[in-house]
Amino acid sequence: MLELRLVQGGLLKKVLDSLKDLVNDANFDCSATGFSLQAMDSSHVALVALLLRSEGFEHYRCDRNLSLGMNLSNMAKMLKCAGNDDIVTIKADDAADSVTFMFESPNQDKIADFDMKLMDIDSEHLGIPEAEFQAIVRMPSAEFARICKDLSTIGDTVVISVTKEGVKFSTRGDIGTANIVCRHNTSVDKPEEATIIEMEETVSLTFALRYMNSFTKATPLANQVTISLSSDLPVVVEYKVAEMGHIRFYLAPKIEE
Amino acid sequence: RGIQRNITEFYRST
């Protein structure tokens with residue numbers, strides 16, 4: 001028996017909106033730790049890892065570890081039917097072939113339940129070791145989204161370089177080139193407007209902008225994004241999910257031909 | 001531009 005009650009149901013809507021274009025089907029794993037997911041995009045270039053810790057739910061009952069295979073676009077369709085302020089409860093029996101999403105309006109005057117068929121998904125799970133990164137950039141998530149969107153109108157790839165000068169996002173295309181430099185800046189009115197660059201070593205990596213733009217669908221989840229870089233490793237683009245967890249996107253770099 | 005690497009090249013299967 002699984003029963004997870006999330007008062008901030010809107011968070012789950014935002015999580016699904018940030019996943020559904022990248023991944024078609026995925027297993028949601030429920031354990032005492034929390035509600036999690038790891039999935040790759042269909043071309044196995046990017047990976048997403050979601051964790052919503054059990055403490056973040058108002059009620060979290062998970063009698064035994066369960067893996068719920070769901071089509072994310074169908075799940076997103078169902079969650080779209082919840083109000084942004086609704087309380088969302090996810091329910092499933094141990095041997096269930098469906099999952100129930102229950103939506104309660106904040107003043108309890110409307111209660112809806114949606115039942116979605118589960119599916120068997122044979123997915124590969126990857127072990128991701130904790131890594132020390134050469135550079136970690138924290139910046140406003142909207143700024144990062146803007147940069148990815150702007151650069152993708154000019155080129156297909158972005159070179160992200162971190163030096164003492166700051167973090168530079170560069171692209172080139174048929175019509176020309178573009179470089180955007182963001183400097184370390186903590187003298188801002190609000191902490192979420194800060195850009196914090198921690199650098200052990202300079203690093204420069206090339207990534208496909210198509211994936212970066214897909215990751216930025218998570219922008220409504222968090223004011224800040226963390227971009228962790230090391231030479232010859234996938235970049236990690238992380239958005240916090242309130243105080244209860246995170247969504248991390250891993251993207252393999254491109255190499256020179 | 002460049003050759004796209006695969007994410008599975010970096011992490012082992014569990």
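These values consider heavy atoms only, across backbone and side chains, with no hydrogens, waters or symmetry-generated copies.
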Over 12 foreign heavy atoms within 6.0 Å of CG, Asp120(A)
no
Take atom CZ of Arg5(B) as the centre, draw a 6.0 Å sphere, and report whether it contains more than 12 heavy atoms from other residues, nucleotides or ligands.
yes
Heavy-atom count around Glu132(A) CD within 6.0 Å, excluding the residue itself: above 12?
no
Spacing of Thr157(A) atom OG1 and Gln4(B) atom CD [to the nearest 0.5 Å]
10.0 Å
Test log, rule side chain to side chain contact (heavy atoms under 4.5 Å, CB included), inputs Tyr250(A) and Phe10(B):
CA-CA 10 Å; Tyr250(A) 298 79; Phe10(B) 297 93; over 6 Å; no
Minimum heavy-atom distance Pro234(A)-Tyr11(B), with the two atoms named:
CG-OH, 3.5 Å
On a heavy-atom basis, which atom in Asn6(B) and which in Ala252(A) lie closest, and how many Å separate them?
C-CB, 3.9 Å
Which portion of Asp41(A) sits near chain B, non-hydrogen atoms under 4.5 angstrom
neither
Any chance you could measure Arg12(B), atom CZ, to Ile128(A), atom CD1, to the nearest 0.5 Å?
10.5 Å
Would you give the length of the straight line joining atom CD1 of Ile7(B) to atom CE of Met40(A), rounded to the nearest 0.5 angstrom?
8.5 Å
Is it the case that more than 12 heavy atoms not belonging to Glu200(A) sit under 6.0 Å from its CD atom?
no
Output for pair (Thr206(A) OG1, Ile3(B) CD1), nearest 0.5 Å, gives 12.0 Å
